[in-house]
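One structure below.
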Amino acid sequence: RSDAQLNFTVNATDTNIDNVTLNGTKMVQNGDIWYTVNTTSDFNCNGNCKLTAIVTDKAGNQNSTNYTITVDNTNPSVVNESVNDTDYIVRKSDNITINVTVIDANINTVSVANESSVQMLYIGQNKWQVNTTAAQLGCTQIDSNCTLTFTATDKAANLNNSVTLELIIDDKYPSINYTSNTENNDTYFNRNWIFVNVSAFDTNEENITFYLYNETQNVNTTRMIAGTRSINFTTLNSNKVYYYNVTVLDKAGNVNSTETRKITLDSTLPSIHSLNSNDTDNISRSDAQLNFTVNATDTNIDNVTLNGT
């Protein structure tokens, strides 16, 4: 840079050296080494600058040597910052690829950081890239934004750290529960439908999926857009045992599910016959203890009553 103090040296030997100059500036002798400390602006240098050291002896004989230095006062240009997760919503442990374009003829290093800095790699055509995680960059948030700052430094120590990229850190699982108008677990109904309703919340909800199974296989899987909270499974076999649960997914890949509930649909009338007692002639006193029996069959019998008993 034009304001950087540089120590210029040259080796000059002669029995009768009178002086050594660098672009007109007298240099100081230290044995055979002559030096001067200057900035390139002292020599009115800009861009590629040619410096000439001239040695003159006491007889007026001269010799010279040249030195070329590039003066760079321009900060790198940093543009097109991006991450491969297009919605920028990630978990701290997710592997992510960060890219940025840096334009500078003399670029030296490019890094990206929040609380911790990670060096980026040059991949050609002014592009720099790094594969990392938000945790490695120092993001400690659970459910909020994390600002990443790019720092590009060239060989003249010009620096640009004005470009940032916002990640949304989401390490929080969605909440989900059944509501009161969803049937309790292990209940029985005479119908051919099952209604399921849940309450769920996540700031970055992606979708919600309702699952229905019978005792041997999946019967229905319905994935719905974020915000959907209920489904009515209809035209089911009205004599079947079913199981259901619900899963909510957010944009960072966090998943939460309800417990699985069981519901039995039963539209078949119980079979009942052969009501008898141990009094074979069916004639009994009012105070006689009798044993009444009946034959009743059903997969899901709840109770059998005799005149309310």
Side-chain angles (χ1 to χ4, degrees), residues 1-9 22-23 25 35-51 66-171 203-204 251-253:
R1 293 183 5 166
S2 60
D3 59 354
Q5 292 281 339
L6 301 176
N7 183 24
F8 297 95
T9 63
L22 180 65
N23 279 37
T25 298
Y35 70 91
T36 183
V37 177
N38 293 88
T39 66
T40 55
S41 63
D42 294 335
F43 303 118
N44 297 315
C45 283
N46 191 26
N48 289 330
C49 180
K50 180 181 177 182
L51 300 177
N66 296 318
Y67 174 78
T68 301
I69 187 170
T70 300
V71 180
D72 181 359
N73 291 317
T74 304
N75 290 333
S77 171
V78 180
V79 295
N80 299 332
E81 65 282 2
S82 66
V83 64
N84 63 326
D85 192 300
T86 55
D87 60 15
Y88 290 58
I89 302 172
V90 299
R91 291 173 292 194
K92 289 195 293 291
S93 61
D94 288 345
N95 290 313
I96 56 176
T97 300
I98 300 173
N99 292 278
V100 71
T101 298
V102 178
I103 301 170
D104 190 291
N106 306 302
I107 192 66
N108 188 25
T109 63
V110 179
S111 62
V112 59
N114 178 257
E115 294 295 329
S116 302
S117 180
V118 175
Q119 292 296 315
M120 304 187 74
L121 299 176
Y122 182 67
I123 60 172
Q125 298 182 329
N126 298 320
K127 298 181 186 299
W128 295 73
Q129 185 179 90
V130 65
N131 297 312
T132 185
T133 67
Q136 290 173 334
L137 293 166
C139 298
T140 59
Q141 296 84 345
I142 294 176
D143 192 22
S144 62
N145 287 18
C146 179
T147 301
L148 304 181
T149 300
F150 295 90
T151 300
T153 307
D154 67 16
K155 294 176 182 177
N158 298 300
L159 179 145
N160 185 342
N161 60 357
S162 63
V163 175
T164 61
L165 182 148
E166 292 287 328
L167 293 180
I168 301 171
I169 307 301
D170 185 355
D171 279 345
T203 305
N204 306 306
K251 292 178 181 178

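The residues of the chain are indexed from 1 along the displayed sequence. Just so you know, these numbers come straight off a predicted model, no measurement behind them.
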Check your understanding: Is it the case that more than 12 heavy atoms not belonging to Tyr122 sit under 6.0 Å from its OH atom?
Key -> yes
Review point. What are the two closest non-hydrogen atoms of Val102 and Pro76, and how far apart are they?
Key: CG1-CB, 4.0 Å
Check your understanding: Of all heavy-atom pairs between Ala252 and Ile89, which one has the smallest distance, and what is that distance?
Key -> CB-CG2, 3.9 Å
**Study point:** With Thr36 via side-chain contact (heavy atoms from CB on, under 4.5 Å) - residues at least two apart
**Key:** Phe8, Leu22, Thr25, Met27, Asn38
Revision key, fill the gap. Minimal heavy-atom distance between Cys45 and Leu51, with the atoms involved, is SG-CD2, 3.9 Å
**Study point:** Spatial distance of atom CG (Leu167) from atom CG (Leu137) [nearest 0.5 Å]
**Key:** 7.5 Å
Exercise for review: Sequence neighbours left out, what pairs pass ring pair (Phe, Tyr, Trp, His ring centres under 6.0 Å) with at least one residue falling in residues 75-103?
Suggested key: none
Study note, to complete from the structure: dist Asn73:CG -> Thr40:OG1 (nearest 0.5 Å) comes out at 7.0 Å
Check your understanding: Among pairs that include at least one residue of residues 78-87, which meet salt bridge (Lys or Arg N to Asp or Glu O under 4.0 Å), considering only residues two or more places apart or in two chains?
Key -> none
Point to revise | Stepwise side chain to side chain contact (heavy atoms under 4.5 Å, CB included) check, Asp104 with Asn160 | key: CA-CA 11 Å; Asp104 190 291; Asn160 185 342; over 6 Å; no
Check your understanding: Picking from Asn106, Asn46, Asn48, what satisfies side chain to side chain donor-acceptor pair (under 3.5 Å) with Thr70?
Key -> Asn48
Review point. To the nearest 0.5 Å, what is the distance between CG (Asn161) and CG (Asn75)?
Key: 9.0 Å
Point to revise | Backbone of Ser82 reached by a side-chain donor or acceptor of Asn80 within 3.5 Å | key: no
Determine all donor-acceptor pairs shorter than 3.5 Å in which one atom belongs to a side chain in residues 146-155; sequence neighbours excluded.
| from | atom 1 | to | atom 2 | distance (Å) |
| --- | --- | --- | --- | --- |
| Thr147 | OG1 | Glu166 | OE1 | 3.2 |
| Thr147 | OG1 | Glu166 | OE2 | 2.5 |
| Asp154 | OD1 | Ala156 | N | 2.9 |
| Asp154 | OD1 | Ala157 | N | 3.1 |
| Asp154 | OD1 | Asn158 | N | 2.8 |
| Asp154 | OD1 | Asn158 | ND2 | 3.4 |
| Asp154 | OD2 | Asn158 | ND2 | 3.0 |

Could you pull out every donor-acceptor pair under 3.5 Å between side chains of residues 124-131 and any protein atom, sequence neighbours left out?
| from | atom 1 | to | atom 2 | distance (Å) |
| --- | --- | --- | --- | --- |
| Gln129 | NE2 | Asn99 | OD1 | 2.7 |
| Asn131 | OD1 | Thr97 | OG1 | 2.6 |

Check your understanding: Any idea which heavy atoms bring Gln5 and Thr39 closest together, and the distance?
Key -> NE2-CG2, 3.5 Å
Practice item. Report yes or no: does Asn204 contribute a side-chain atom to a donor-acceptor pair with the main-chain N or O of Lys251 at less than 3.5 Å? Key: no
**Study point:** Verdict with supporting geometry, Asn66 and Thr68, side chain to side chain contact (heavy atoms under 4.5 Å, CB included)
**Key:** CA-CA 7 Å; Asn66 296 318; Thr68 301; 5.7 Å; no
Practice item. With the side chain counted from C-beta on, respond yes when Val112 and Thr132 share a heavy-atom pair under 4.5 Å apart, and no when they do not. Key: no
Check your understanding: Say you draw a straight line from CD of Gln136 to OG of Ser117; how long is it, rounded to the nearest 0.5 Å?
Key -> 12.0 Å
Exercise for review: Go through Asn95 and Thr133 one step at a time and tell me if the side chain to side chain contact (heavy atoms under 4.5 Å, CB included) criterion holds.
Suggested key: CA-CA 5 Å; Asn95 290 313; Thr133 67; 3.6 Å; yes
Check your understanding: If you round to the nearest 0.5 Å, how far is CG of Leu6 from CD1 of Ile69?
Key -> 5.0 Å
Review point. Near Ile142 CD1, under 6.0 Å, is it more than 12 heavy atoms from other residues, nucleotides or ligands?
Key: no
**Study point:** Ile169 CD1 to Asp143 CG distance, which is reported to the nearest 0.5 Å
**Key:** 10.0 Å
Review point. Closest approach of Asp94 and Arg91, non-hydrogen atoms and distance?
Key: OD2-N, 2.9 Å
Exercise for review: Apply side chain to side chain contact (heavy atoms under 4.5 Å, CB included) to the pair Glu115 and Thr140, showing each step before the final yes or no.
Suggested key: CA-CA 9 Å; Glu115 294 295 329; Thr140 59; 5.6 Å; no
Check your understanding: Mind checking what makes side chain to side chain donor-acceptor pair (under 3.5 Å) contact with Asp171, not counting sequence neighbours?
Key -> Lys92
